[in-house]
Amino acid sequence: MSAVVLALAAGAVIGLALGALGGGGSVLAVPALIYLLGFSPVGATTASLVIVTLTSVTALVAHARDGHVRWRTGLLFAAAGIGPAMLGGALASSVPAAVLTSAFAVVAGVAAVRMLRSRPAAAGAVTVRPGRAAAAGAGLGAVTGVLGVGGGFLAVPALVGVLGMRMRNAVGTSLLVITVNSLAALSMRAGTVETLDWTVVGPFIAAAVLGAWDGKRLSAKVSGHTLQRIFAVVLLAVAAFMLIDALR
């Protein structure tokens with residue numbers, strides 16, 4: 001199978017995940033770029049940031065049109081995580097990769113179980129205190145900085161479980177957080193973007209953007225509670241895969 005066909009297939013899956021669940025970009029894109037398309041780890045993470053940024057913006061616009069983005073909370077949540085993420089990233093260089101992968105699997109597994117056991121959020125607007133949003137964002141930033149991945153896959157559980165946000169709003173707001181974080185990370189790698197193989201990355205992005213629109217439409221056809229359970233099951237599967245990979 002040609003690289004372009006693989007890029008189109010992988011892009012469609014990642015776009016669907018981001019559009020429907022508000023997460024899954026880097027967690028799925030980096031392995032796809034390395035194992036399916038032969039990118040180096042550095043090239044894969046840079047390409048993943050470009051793909052996730054453009055796809056998240058597309059999905060963010062779609063969710064914002066339906067009023068499912070909490071802009072103030074999302075921006076505060078993302079801004080509070082920048083400093084802790086930088087500190088966490090510095091700490092990560094002294095921790096073995098297997099330990100980091102295992103730690104991510106455990107954190108993701110706990111978040112998934114918590115989402116599966118939680119009751120549906122009450123209808124109506126949820127008031128989120130700024131201090132709590134900033135504290136949750138800082139905590140997520142530290143975890144993301146240390147573990148290297150986990151933007152949407154950990155932001156959605158934090159928005160639902162810690163801030164009490166309804167699932168649809170958590171998905172839309174997570175996309176805002178992912179966009180801000182990806183742009184910040186991408187700005188640190190601006191010089192490496194031009195070295196990417198755009199004959200592969202271009203089709204990947206195009207398929208992901210189209211998939212994000214389909215994912216948004218798909219999410220509108222299921223209830224918020226069902227969407228939350230689907231997200232938790234996918235997150236649990238990712239956690240199990242990463243734990244098995246770390247223990248090999």
> Which atoms form the tightest heavy-atom contact between Leu159 and Ser174, and what is the distance?
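Closest heavy-atom pair between Leu159 and Ser174: CD1-N, 3.8 Å.
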> Taking side-chain contact (heavy atoms from CB on, under 4.5 Å) as the definition, give me every residue that meets it alongside Ser56, ordered by chain and number, with sequence neighbours left out.
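With sequence neighbours excluded, Ser56 shows a side-chain contact (heavy atoms from CB on, under 4.5 Å) to Leu18, Val52, Leu175, Ile178, Thr179, given in chain and number order.
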> Identify, with sequence neighbours excluded, every residue that meets side-chain contact (heavy atoms from CB on, under 4.5 Å) alongside Ala47.
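With sequence neighbours excluded, Ala47 shows a side-chain contact (heavy atoms from CB on, under 4.5 Å) to Leu33, Phe39, Leu196, Val201, given in chain and number order.
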> Transitive ILVMFWY cluster of Leu8 at side-chain heavy atoms under 4.5 Å: who else is in it?
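Joined to Leu8, directly or through intermediates: Val4.
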> Name all residues meeting the side-chain contact (heavy atoms from CB on, under 4.5 Å) criterion together with Leu75; count only those two or more places apart in sequence or in a different chain, and write none if there are none.
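Leu75: side-chain contact (heavy atoms from CB on, under 4.5 Å) contacts with Leu176, Val180.
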> With distance as the sole test, does Thr173 use its side chain to make a donor-acceptor pair with the main-chain N or O of Val69 at under 3.5 Å?
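No, the answer is negative, given that no donor and acceptor are paired below the 3.5 Å cut-off.
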> Quick check: closest heavy atoms across Trp71 and Ala64, and the distance to 0.1 Å?
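Where Trp71 meets Ala64 most closely, the heavy atoms are CZ2-CB, 3.7 Å.
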> Run the side chain to side chain contact (heavy atoms under 4.5 Å, CB included) check on Lys216 and Asp66 step by step: do they pass?
CA-CA 10 Å; Lys216 167 61 182 64; Asp66 291 341; 2.4 Å; yes
> So which pairs with a foot in residues 195-210 pass side chain to side chain donor-acceptor pair (under 3.5 Å), sequence neighbours left out?
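Those involving residues 195-210 are Asp197-Thr199.
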> For the hydrophobic clusters of this structure (ILVMFWY residues joined by side-chain heavy atoms under 4.5 Å, transitively), does one cluster hold both Leu16 and Ile205?
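Shared cluster, no.
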> Applying salt bridge (charged side-chain N to carboxylate O under 4.0 Å, His left out), can you list everything that pairs with Arg217, at least two apart in sequence or on another chain?
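Salt bridge (charged side-chain N to carboxylate O under 4.0 Å, His left out) list for Arg217, sorted by chain: Asp214.
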> If hydrophobic clusters are built by linking Ile, Leu, Val, Met, Phe, Trp and Tyr wherever their side-chain heavy atoms come under 4.5 Å apart, do Leu49 and Leu54 end up in the same one?
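Shared cluster, yes.
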> Answer yes or no: is there a donor N or O on one side and an acceptor on the other, between the side chain of Arg168 and the main chain of Gly67, under 3.5 Å?
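Not at all, since once roles are kept as given, no pair shorter than 3.5 Å links the two residues.
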> Would the distance check show the side chain of His63 and the main-chain N or O of Gly19 forming a donor-acceptor pair, the cut-off being under 3.5 Å?
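Yes: the side chain of His63 pairs with the backbone of Gly19.
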> Are Arg72 and Leu76 packed together at the side-chain level, in the sense that at least one heavy-atom pair is separated by less than 4.5 angstrom?
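With C-beta onward as the side chain, the pair stays apart.
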> Throw together a table of side-chain donor-acceptor distances under 3.5 angstrom for residues 233-241, partners on residues two or more places apart or in other chains.
none

> Could you walk me through whether Thr73 and Met165 satisfy the side chain to side chain contact (heavy atoms under 4.5 Å, CB included) test, starting with their C-alpha distance in whole Å, then the side-chain angles of each, then the deciding distance to 0.1 Å, before giving a yes or no?
CA-CA 10 Å; Thr73 299; Met165 199 174 285; 3.9 Å; yes
> Under the side chain to side chain contact (heavy atoms under 4.5 Å, CB included) rule, what do Leu21 and Val156 come out as? Steps first, then yes or no, please.
CA-CA 8 Å; Leu21 303 176; Val156 171; over 6 Å; no
> Enumerate the residue pairs fulfilling side chain to side chain donor-acceptor pair (under 3.5 Å) with a member in residues 152-163, sequence neighbours excluded, ordered by first and then second residue.
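Every candidate side chain to side chain donor-acceptor pair (under 3.5 Å) pair involving residues 152-163 fails, so no pair, neighbours aside, qualifies.
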> Can you list everything that forms a side-chain contact (heavy atoms from CB on, under 4.5 Å) with Ala10? Sequence neighbours excluded, please.
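Residues passing side-chain contact (heavy atoms from CB on, under 4.5 Å) with Ala10: Ala32, Phe204.
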> How far apart are the closest heavy atoms of Leu60 and Gly172, and which atoms are they?
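Nearest heavy atoms, Leu60 then Gly172: CD1-O, 3.7 Å.
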